[in-house]
Structure formats: structure tokens, C-alpha cells
Amino acid sequence: MYKPGSDTIDAFHRFIALIPARGGSKGIANKNLSDLNGQPLIAYSIQAATNSNAFTHVIVSSDSQQILKVAKRFGAERLERNPSFATDEAPMDPVIAEAIEAARLRNDDVICLLQPTSPIRTADHIVDALALFNQSDCDAVISVHAIDNKVLKAYVIDPQSNSVLPIHSAETSYQRRQDLPEVVMPNGAMYIFSVAAFKRQNGIPRSNITPFLMTAEESADVDSPEDMQYCASLLNQAAGGHQHASF
């Protein structure tokens, strides 16, 4: 059952942080509860959302009672997720739709989806990305990082004809690398969109998207023990070499 916080705020736009954290994981057992420099991985996203002072509600959606208990301990509201939305194959859109209904979100509410596997994303990133959303005439702001643009020279193989098709265009396949456009990759740290845009596009908006650029280090995503070690190192560097106690 959804555990609501205060419903007395009557701003035109309410900003809602939604942190999806299912219990199962393959690369690391109980990944979202795994210790990262002295606290659970999910705590970094809860603390970043809370420290931004931007949100009416910070909600953790999970099928795991352990995760929901940790969410409560770190000050987040809790939404017990339908188990059918917590499998390896389950897409994110039904999780968001469930939260919209359970939390009784309005069309003009703005959701900031924060994946718990992005512990390097900070409160400052959230504030800046929300400001970009407010300033942009877009349906969504998505956090990204730059990748090598030579991927635009690649081809995909058409399984029907066994011929190659350019991944971008026939022209870019033969252009000099320095003439190719910049290429960015979603890093999973933030997806910002209104409830109205989500309903209109039947999911996280796939068009009219503004990018929020982050560095490769800021975009670190935890999917393996090696990723966890890398993030621990980055957090130690940010803390001046000391164990990271709060974020």
C-alpha cells in the first residue's frame, strides 16, 4: 500500500521523485541493498532527491519489503509494487503508471525518475536538470553522456535480405569522423516528464526530448561488482579520500 506524505501542498506543478527498486537482480544479489561505502546503494538516490529540496514526494517503488524498510529509514515514501512489474523482463512504463494511480498524481505533476543504480548523480544534478526542464519546451529531459560518434559510421544487418543498412544514413557512413554530429547515450540517472506527457505518449516520452549532459564518471551505473568498486572509488575521491557517510 502506498504510504503518502503531506498532501497539503497546492502548487501548480508538484515535482515527484520516483525511485524504482525491485528486489531481484542478476549481476549482484540484492543489488539495491548492497553496501556502497557504508550505506545501501539505494540510499544515494534517496538522499540526492531529498537534498535537492525540489520534491513534494520522494517515492520508492519496490516489490521487496526489505527495500521498503530501508526506504522508510532514509525518509522516502513507499509504494509496494505489483510483483508482475518486478521481473527481469518487466518494462518501466507499467511501474510508472502504477505509481501515478497509487499516488493520485495530477496531469500537471512532474515526475523525476531516478534509477537507484546511479549513485554518482547528485542533488545538484537533479536541481539543474529540473531547471532545464522548466526552461525547455519539451516533453522530457533525459540525462545522457557523450559517446564516440564513429558509431554513426556503422551498419546493421537486415536479417531478411542479409544486406547491410546504415545505422544513421548513407552519408554519415562515409563522412569524416570530425564532420559527424555529436552522439550521446542515456545513462539512466534521470528521466523527467509530466504526467500529462506520459499519458499522451503511453509511456516515458520517446519524442521532443531535451538532453541533460553528464560526464562519463557522473554517469556510472552499477550492474556488476566491478561497477560497485568503481563507484566506491569515485565517491571516495569526491569525499577527499574518506569513507562516504552521506550524500
Side-chain angles (χ1 to χ4, degrees), residues 2-7 9 11-22 32 41-62 67 71 74-79 81 91-145 184 186-201 203-214 218-221 247:
Y2 174 63
K3 312 290 186 182
S6 172
D7 289 321
I9 296 176
F12 180 71
H13 290 296
R14 297 185 304 174
F15 293 92
I16 314 296
L18 178 60
I19 302 172
R22 67 188 185 91
N32 290 315
L41 175 62
I42 191 175
Y44 290 88
S45 292
I46 296 173
Q47 291 172 330
T50 301
N51 292 343
S52 73
N53 294 313
F55 299 111
T56 307
H57 302 281
V58 176
I59 302 171
V60 170
S61 165
S62 183
I67 289 175
F74 282 91
E77 301 170 36
R78 295 158 290 153
L79 172 59
R81 190 189 304 183
M92 186 59 64
D93 289 338
V95 175
I96 299 167
E98 179 185 49
I100 289 172
E101 180 178 359
R104 303 184 298 278
L105 300 188
R106 307 185 299 236
N107 282 342
D108 58 1
D109 288 338
V110 174
I111 294 172
C112 181
L113 186 73
L114 304 171
Q115 297 194 145
T117 52
S118 300
I120 311 302
R121 174 240 299 113
T122 67
D124 287 342
H125 289 131
I126 293 171
V127 170
D128 290 345
L130 289 173
L132 178 62
F133 179 83
N134 282 334
Q135 296 161 7
S136 303
D137 183 18
C138 65
D139 283 337
V141 164
I142 293 179
S143 59
V144 300
H145 66 96
V184 294
N187 62 14
M190 292 178 285
Y191 298 83
I192 303 172
F193 47 88
S194 70
V195 171
F198 179 88
K199 291 179 178 178
R200 187 169 59 249
Q201 297 203 27
I204 297 174
R206 268 64 164 176
S207 61
N208 194 22
I209 297 169
T210 296
F212 178 79
L213 188 62
M214 298 171 65
E218 293 166 344
S219 301
D221 177 72
F247 197 68

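All values reported here derive from a predicted model rather than from experimental measurement.
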> Taking Gln201 for the side chain and Arg206 for the main chain, is one N or O donor matched with an acceptor at less than 3.5 Å?
Replying inline: yes

> Can any side-chain N or O of Asp139 pair as donor or acceptor with the backbone N or O of Phe193 at less than 3.5 Å?
Replying inline: no

>> Working to the nearest 0.5 angstrom, can you tell me the gap between Ile96 CD1 and Leu113 CG?
In response: 5.0 Å

> What is the distance from atom OG of Ser143 to atom CG of Leu132, rounded to the nearest 0.5 Å?
Replying inline: 11.0 Å

> If you measure from CD1 on Ile111 to CZ on Phe15, what distance do you get to the nearest 0.5 Å?
Replying inline: 12.0 Å

> Is any side-chain heavy atom of Leu114 less than 4.5 Å from a side-chain heavy atom of Met190?
Replying inline: yes

>> Return the CG to CD1 distance between Leu79 and Ile19, rounded to the nearest 0.5 Å.
In response: 12.0 Å

>> Measuring only between side-chain heavy atoms, which start at C-beta, is Asn107 closer than 4.5 Å to Lys199?
In response: yes

>> Can you tell me which residue among Asp128, Val110, Thr210 is in a side-chain contact (heavy atoms from CB on, under 4.5 Å) with Phe133?
In response: Val110

>> For Asn208, give me all partners under side-chain hydrogen bond (donor to acceptor under 3.5 Å, both in side chains), at least two apart in sequence or on another chain.
In response: none

>> How long is the straight-line distance from OG1 of Thr122 back to OH of Tyr44, given to the nearest 0.5 Å?
In response: 13.5 Å

>> When you compare the side chain of Val195 with that of Arg106, does any pair of heavy atoms fall below 4.5 Å?
In response: no

> Any side-chain heavy-atom pair from Pro116 and Pro20 closer than 4.5 angstrom?
Replying inline: yes

> Side-chain contact, heavy-atom cut-off 4.5 Å: Glu98 with Arg81?
Replying inline: yes

> Sub-3.5 Å donor-acceptor pair from the side chain of Arg14 to the main-chain atoms of Thr56, do we have one?
Replying inline: no

> Do Arg78 and Val60 have side chains that get closer than 4.5 Å, going by heavy atoms?
Replying inline: no

> In terms of the angle between their ring planes, are His125 and Phe212 parallel, tilted or perpendicular, with boundaries placed at 30° and 60°?
Replying inline: perpendicular

> With side chains defined as the heavy atoms from C-beta onward, is the minimum distance between Leu130 and Phe55 less than 4.5 Å?
Replying inline: yes

> Where is the tightest heavy-atom contact between Ala21 and Ser62, given as atom of each residue plus distance?
Replying inline: O-OG, 2.5 Å

> Are the side chain of Asp221 and the backbone of Asn187 linked by a donor-acceptor contact shorter than 3.5 Å?
Replying inline: no

> Between CD1 of Ile192 and CD1 of Ile16, what distance do you get to the nearest 0.5 Å?
Replying inline: 13.0 Å

>> Under a 3.5 Å distance rule, please check whether Ser52 uses its side chain to pair with a backbone N or O of Val127 as donor and acceptor.
In response: no

>> If you apply the rule side chain to side chain contact (heavy atoms under 4.5 Å, CB included), what do you find for Ser45 with Gln115, and how did you get there?
In response: CA-CA 7 Å; Ser45 292; Gln115 297 194 145; over 6 Å; no

>> Less than 4.5 Å apart, side chain to side chain, heavy atoms only: is that true for Leu213 and Val144?
In response: yes

